[in-house]
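Worksheet: the structure to be examined is printed underneath.
Here is the naming used below: chain letters follow the sequence lines, and residue numbers restart at 1 for every chain. These numbers were taken from a predicted model, which means no experiment stands behind them.
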Amino acid sequence: MTDPGTNANPNMGKPLDIADFTDLIGFANASAALEFLITVKSGIRNAAMSLTECATPEVRAVVRNQLFQALDMHEKLSQLMIDKGWLHPYNPGEQIQMDAKSAQKTAEIAKLPLFKDRTKVLETFDTPQRPH
Amino acid sequence: MQQPIRLGSHEMMELHELLNFKTICAAKAKAIDGLVTDEQLKALVQQDLQQSLKALDELQTLLGRAQVQ
């Protein structure tokens, strides 16, 4: 049962190219939304933890206000992601499948030889030990 | 002139950490704004950027008034 479409190299023996990926713009939007969501969630944790370390009323007021702002932003962002189909909080199976797919797609894109025309950072500085 | 505010040294540290976090939030929000094309997502990113900038102001004001004990 060999299906050429699902082999290790689905691109007929040729190396993958960025042009082989479809809907990259939609994928970029979904990835950016996830990055944003993770940052908002970290912000909520950071602010909440800071609040437990602060005693001065003025400091507490500022941090608490920023915490509530972050909670509001989380509510709006997660609702948007649910509406767009980027987040499935009531369907963990679907969520895991989607995340596994985007992990694989991201890894494939990350392995492409992109940005080869950019300045090689390691050659613009004196480095005591060059990596092999 | 702004009134000085007495802070514990650990409170200074917390504010400093929050300041660093919000700085990176603002930088990332600006970068992400250039990446996204979805209008609704873009609106939220831009709102978050404005909130981060306001948060930076508030934190810097507090840090500027701080008198560590």
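Using a 4.5 Å cut-off between heavy atoms, A:Ser42 touches chain B through backbone and side chain atoms alike. Both the backbone and the side chain of B:Leu44 come within contact range of chain A, judged by heavy atoms closer than 4.5 Å. With a 4.5 angstrom heavy-atom cutoff, A:Glu53 touches chain B via backbone and side-chain atoms both. Both the backbone and the side chain of B:Leu41 come within less than 4.5 Å of a heavy atom in chain A. Of the two parts of B:Leu15, only the side chain, counted from C-beta on, holds a non-hydrogen atom closer than 4.5 Å to a non-hydrogen atom of chain A. The contact between B:Gln47 and chain A is made by backbone and side chain atoms together, counting heavy-atom distances below 4.5 Å. Residue contact with chain B, scored on non-hydrogen atoms closer than 4.5 Å, is absent for A:Ala70.
Interatomic distance, NE2 of B:His16 versus CG of B:Leu62, reported as 14.0 Å (0.5 Å rounding). Atom-to-atom distance recorded for A:Phe36:CZ and A:Leu77:CG is 5.5 Å, nearest 0.5 angstrom. Atom-to-atom distance recorded for B:Lys22:NZ and B:Ile24:CD1 is 12.5 Å, nearest 0.5 angstrom.
Surrounding CZ of B:Arg6 are at most 12 heavy atoms belonging to other residues, nucleotides or ligands under 6.0 Å away. In the displayed structure, A:Gln97 atom CD is contacted under 6.0 Å by at most 12 heavy atoms of other residues, nucleotides or ligands.
Considering only residues two or more places apart in sequence or on other chains, A:Thr39 meets the side chain to side chain contact (heavy atoms under 4.5 Å, CB included) condition with A:Glu35, B:Phe21, B:Cys25, B:Lys28.
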Kindly determine whether B:Leu59 and A:Gln66 satisfy side-chain contact (heavy atoms from CB on, under 4.5 Å), including the steps that lead there.
CA-CA 10 Å; B:Leu59 293 169; A:Gln66 292 183 6; 3.9 Å; yes
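By number of non-hydrogen pairs under 4.5 angstrom with chain A, the leading residue of B:Lys54, B:Glu58, B:Gln51 is B:Gln51. When B:Gln40, B:Met13, B:His10, B:Glu17 are compared by the number of non-hydrogen pairs under 4.5 Å with chain A, B:Gln40 comes out ahead.
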